[in-house]
Amino acid sequence: MPELPEVETVRRGLAPVMEGVVIAQAQVNRPDLRWPFPESMAERLTGKRVLRLRRRSKYILADLDSDETLLIHLGMSGRMTISGHTVGEFHHPHPVPAKHDHVVFEMDGGARITFNDARRFGAMDLMPTGGEADFWLIRDLGPEPLGNQFDEAYLVDRLKGRNTPIKSALLDQRIVSGLGNIYVCEVLYRAGIHPARKAGQISAKRVASLVSLVRDVLSEAIEAGGSSLKDYRQADGELGYFQHQFSVYDQEGKPCPTPLCEKKITRIVQSGRSSFFCPQCQR
DNA sequence: ATGGGGGCCTGCCGGC
DNA sequence: TGCCGGCAGGCCCCCA
């Protein structure tokens with residue numbers, strides 16, 4: 001269920017135990033997640049050094065010293081857990097293997113990284129390092145919402161004339177990549193825009209305002225994830241899931257947090273997915 | 001090209 | 001206690 005901030009938090013949590021470290025053994029417990037794993041994936045990972053961990057949209061990219069890059073997508077229920085390492089005074093022991101532990105990396109030095117994904121909407125694949133422009137999983141992704149290419153002129157242009165609801169447009173990873181259901185709801189609340197409003201019908205000024213609101217919402221969530229990483233010495237080593245207070249997401253029936261607003265947060269369904277918003281503040 | 005809906009999986013929670 | 005419907009933070013694919 002991870003959106004960009006959760007994926008970035010996972011990446012930051014994994015980096016200290018993966019970057020510069022050799023994968024002593026990759027254990028692959030089934031042939032596929034959402035798609036079949038690439039041929040001989042375990043062999044292509046075992047013995048390779050992870051040079052760098054990067055992120056593109058909701059993908060974690062691990063550049064290997066074999067000129068291949070491992071792509072990891074967490075889907076809806078994918079989780080990464082680190083064990084066998086020490087943070088400060090706290091040692092994370094290896095847990096007993098769990099149902100849905102599909103891929104396990106034993107790192108040189110004793111750390112273990114476990115990928116668990118009950119619903120199996122996640123994915124792993126290998127591409128040639130540097131192949132972002134061609135690789136099928138990521139070639140059509142729009143700009144990073146925190147990057148320079150995502151600016152007001154760009155978004156105004158992309159939404160111009162679009163008849164789709166703004167909710168759907170912001171979820172469309174080809175327009176901007178990294179937002180999911182939660183943060184789109186939060187952004188639209190801050191922008192005062194009703195999720196069902198047609199994208200092309202919103203004034204350029206209001207569309208432009210979405211750019212900085214997207215940046216704010218994602219940056220704040222990444223920051224919250226960063227502080228959660230600091231204390232996870234008492235947690236179970238699972239990365240990326242942190243308590244977060246949302247203004248509207250999953251707040252159906254609760255009072256709108258806007259001062260002086262008396263309305264309650266409403267839930268509607270758009271293309272099969274819940275949208276939460278304030279019917280007073282969002283038009 | 002664009003917009004909408006179905007489907008993929010499993011787990012959990014609330015209601016009866 | 002058990003069963004059932006509804007729901008879940010993603011995204012590809014197909015259809016009109």
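Here the structure is a predicted model, which means the values were calculated and not measured. A, B, ... follow the sequence lines: proteins, then strands. Residue 1 opens every chain. Computed from heavy atoms alone, side chains included, the values below leave out hydrogens, waters and symmetry copies.
Between A:Arg34 and A:Ser168, the residue anchored nearer the 5' end of DNA chain B, judged by the nucleotide with its closest heavy atom, is A:Ser168. Toward the 5' end of DNA chain B, the nearer of the two residues A:Lys99 and A:Thr164, judged by each one's closest nucleotide, is A:Thr164.
Between A:Glu186 and A:Arg190 no salt bridge is recorded (no basic side-chain N to carboxylate O distance below 4.0 Å). Between A:Glu19 and A:Arg54, none of the side-chain N atoms (NZ, or NE/NH1/NH2) sits under 4.0 Å from a carboxylate O, so this pair counts as no salt bridge. Looking at A:Arg120 and A:Asp117, no side-chain N of the basic residue comes within less than 4.0 Å of a carboxylate O on the acidic one, giving no salt bridge. The existence of a salt bridge linking A:Glu132 and A:Arg56 is excluded, since no basic side-chain nitrogen approaches an acidic carboxylate oxygen closer than 4.0 Å. Between A:Glu68 and A:Arg44 there is a salt bridge, since at least one side-chain N of the basic residue sits less than 4.0 Å from a carboxylate O of the acidic one.
We find that CE of A:Met76 is positioned 13 Å from P of C:dC7, with the value rounded to whole Å. In this structure, A:Leu141 places its CG atom 14 Å from P of C:dG10, rounding to the nearest Å. For A:Arg267 and C:dA8, the CZ to C1' distance is 11 Å, given to the nearest whole Å. In this structure, the CD atom of A:Glu3 is 8 Å from the P atom of C:dG9, given to the nearest Å. What separates CG of A:Leu137 from P of C:dC11 is a distance of 10 Å, to the nearest Å. Put simply, CZ on A:Phe246 is 13 Å from C1' on C:dA8, counting in whole angstrom units. Going from atom CZ of A:Phe135 over to atom C1' of C:dC12 covers 15 Å, rounded to whole Å. In this structure, A:Tyr59 places its OH atom 6 Å from P of C:dC11, rounding to the nearest Å.
For the residue pair A:Ser83 / A:His94, a side-chain donor-acceptor distance below 3.5 Å is found, with atom types taken as modelled. A side-chain donor-acceptor contact under 3.5 Å links A:Tyr183 and A:Glu6. No donor-acceptor contact under 3.5 angstrom links the side chains of A:Ser66 and A:Lys48, judged on distance only.
Between C:dG9 and A:Tyr183, no contact under 4.0 Å exists linking OP1 or OP2 to a side-chain N or O. Dashed line: the shortest gap from a side-chain N or O of A:Arg273 to OP1 or OP2 of C:dG9 is under 4.0 Å.
Listed for the A:Ser77 side chain is a donor-acceptor partner under 3.5 Å among the backbone atoms of A:Arg119.
Using the Watson-Crick or G-U wobble rule with both distances under 3.5 Å, C:dT1 pairs with nothing in any strand shown. Nucleotide C:dA8: paired with B:dT10 (Watson-Crick or G-U wobble, both distances less than 3.5 Å).
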With the criterion being N/O to N/O and under 3.5 Å, what pairs connect the protein with nucleotides 13-15 of chain C, and how long is each?
none

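The aromatic rings of A:Trp35 and A:Trp136 sit perpendicular, their planes meeting at an angle over 60°, well past the 30° parallel limit.
Looking at heavy-atom distances under 4.0 Å, A:Gly272 makes no contact with the nucleic acid at all. When heavy atoms are screened at a 4.0 angstrom cut-off, A:Asp117 is found touching no nucleic acid atom at all. Nucleic acid contact class of A:Ser274 (heavy atoms, under 4.0 Å, all strands): sugar-phosphate only.
With C:dC7, C:dC11, C:dG9 as the candidates, the nucleotide lying closest to the side chain of A:His73 is C:dC11.
The span of DNA chain B lying next to chain A, judged by atoms under 4.0 Å from heavy atoms, is bounded 5' to 3' by B:dG3 to B:dG11.
Nucleotides C:dC12 and B:dG11 place their C1' atoms 23 Å apart, quoted to the nearest Å.
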